[in-house]
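Inspection log for the structure reproduced underneath, given as C-alpha cells.
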Amino acid sequence: MWQAHAIDALLDAYARDKTPVHLERADSNFRATRDRQGSIFNDFHDDEEWMALALLRLWDATQKDEYKARVMELWNDIKGGWSEEMGGGIDWRKSQRDHKNAPANAPTVILAARLYQRFAEPKDLEWAQKIWG
C-alpha cells in the first residue's frame, strides 16, 4: 500500500530533522487513507501489514494511543489470515486462502517482532517465530 510507504517517508523525514509538520502530514495521510477506504482494513494482508508497520512507527514518534490501537486492530485481523494450508503462513489475500507468499509473511514477522520489542507480549514473539518457521 503506497499510502503506508508515504507515512514511512514522512517519518524518515521527521527522524532526520524533528520538524513536527512531518508528523502532522503522516497523521493526515493516515486519516485520508482510512476515510477514502472507509476502514483501515482491506482484502490484502500485505497492505494491512505495511500500514500497521507505518502506524507503529508513528506511535513510536508520538506515543498517541490511537495509533497503537489501530496497529493492534490490524494485527488481530492479520493473524486471522493464518492457516496451515500449504505448510502454514499468512494468506496474501483474504479472499484467496490458498495463496501464500513472502510479501504477506515477511512483513508479518517484522511486525510481530517489533510488537514484542515494544510491548513484551510473549504471544507476539511466538507469532514471529511461527511465521518465520
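Position 1 is the first residue of the sequence; numbering continues from there. The structure displayed is predicted, hence computed values, not measured ones.
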Next item on the list: Report the C-alpha separation of D47 and M51 in whole Å, then their side-chain angles, then the decisive distance to 0.1 Å, and conclude whether the side chain to side chain contact (heavy atoms under 4.5 Å, CB included) test is met.
Entry: CA-CA 6 Å; D47 288 351; M51 183 57 78; over 6 Å; no
Checklist line | Taking every non-hydrogen atom, the tightest pair across S83 and R97 | finding: CB-NH2, 3.6 Å
Margin query: Let me confirm one number: the CG-CD1 distance from L111 to I90, rounded to the nearest 0.5 Å.
Written below: 10.0 Å
Margin query: Angle between ring planes, H5 versus W50, binned at 30° and 60°: parallel, tilted or perpendicular?
Written below: tilted
Margin query: Determine whether a donor-acceptor pair (N or O, by modelled atom type, separation under 3.5 Å) exists between the side chain of T62 and the backbone of L58.
Written below: yes
Margin query: As a quick check of understanding, evaluate salt bridge (Lys or Arg N to Asp or Glu O under 4.0 Å) for E73 and K68, giving each step before the final call.
Written below: CA-CA 9 Å; E73 288 173 0; K68 180 181 176 185; over 6 Å; no
Next item on the list: Kindly check if the number of other-residue, nucleotide or ligand heavy atoms within 6.0 Å of NZ (K130) is above 12?
Entry: yes
Checklist line | Interatomic distance, Y67 atom OH to L55 atom CG [nearest 0.5 angstrom] | finding: 8.0 Å
Check: Shortest non-hydrogen contact from S95 to D43?
Finding: OG-OD2, 2.9 Å
Next item on the list: Output yes when E48 and R70 qualify as a salt bridge under the 4.0 Å nitrogen-oxygen rule, no when they do not.
Entry: no
Next item on the list: Provide the closest heavy-atom pair for A54 versus I7 in the form atom of the first, atom of the second, distance.
Entry: CB-CG2, 3.8 Å
Item checked: Side-chain heavy atoms of H22 within contact of L11, under 4.5 Å -> no
Next item on the list: Starting at CD1 of I40, measure out to OG1 of T33 and round the result to the nearest 0.5 Å.
Entry: 11.5 Å
Item checked: Heavy-atom pair of closest approach, residues P103 and P107 -> O-CG, 3.0 Å
Check: Do NZ/NE/NH1/NH2 and the carboxylate oxygens of D12 and R57 come within less than 4.0 Å?
Finding: yes
Checklist line | Check against salt bridge (Lys or Arg N to Asp or Glu O under 4.0 Å), D60 and R118 | finding: CA-CA 9 Å; D60 286 339; R118 274 30 165 227; 2.6 Å; yes
Item checked: Passing candidate, side-chain contact (heavy atoms from CB on, under 4.5 Å) with H45, options T108, D91, N105 -> D91
Notebook entry, point to check: What pair of heavy atoms forms the shortest contact from V71 to A52, and how long is it?
Noted result: CG2-O, 3.5 Å
Next item on the list: Walk me through it: do F41 and L74 pass the test side chain to side chain contact (heavy atoms under 4.5 Å, CB included)?
Entry: CA-CA 7 Å; F41 306 104; L74 287 165; 3.9 Å; yes
Checklist line | N-O pairing of K94 and D77 below 4.0 Å | finding: yes
Note to self: I need the L125 CG to Y116 OH distance, nearest 0.5 Å.
What the structure shows: 5.0 Å
Next item on the list: Search all heavy atoms of L23 against all heavy atoms of A61 and return the closest pair with its distance.
Entry: CD2-CB, 3.8 Å
Note to self: Check whether W82 forms a cation-pi arrangement with K79 (NZ or CZ under 6.0 Å from the six-membered ring centre, at most 45° off the ring normal).
What the structure shows: no
Margin query: Within 45 degrees of the ring normal and closer than 6.0 Å to the centroid, is that where the cationic atom of R34 sits relative to F30?
Written below: yes
Next item on the list: Indicate yes or no: does K64 engage D27 in a salt bridge with an N to O separation below 4.0 Å.
Entry: no
Margin query: Nearest 0.5 Å, please: how far is CD1 in I131 from CD in E126?
Written below: 11.5 Å
Check: Say you draw a straight line from CH2 of W127 to CD1 of I78; how long is it, rounded to the nearest 0.5 Å?
Finding: 10.5 Å
Next item on the list: Flag the pair W75 / L115 as yes when at least one side-chain heavy-atom distance between them is below 4.5 Å, and no otherwise.
Entry: yes
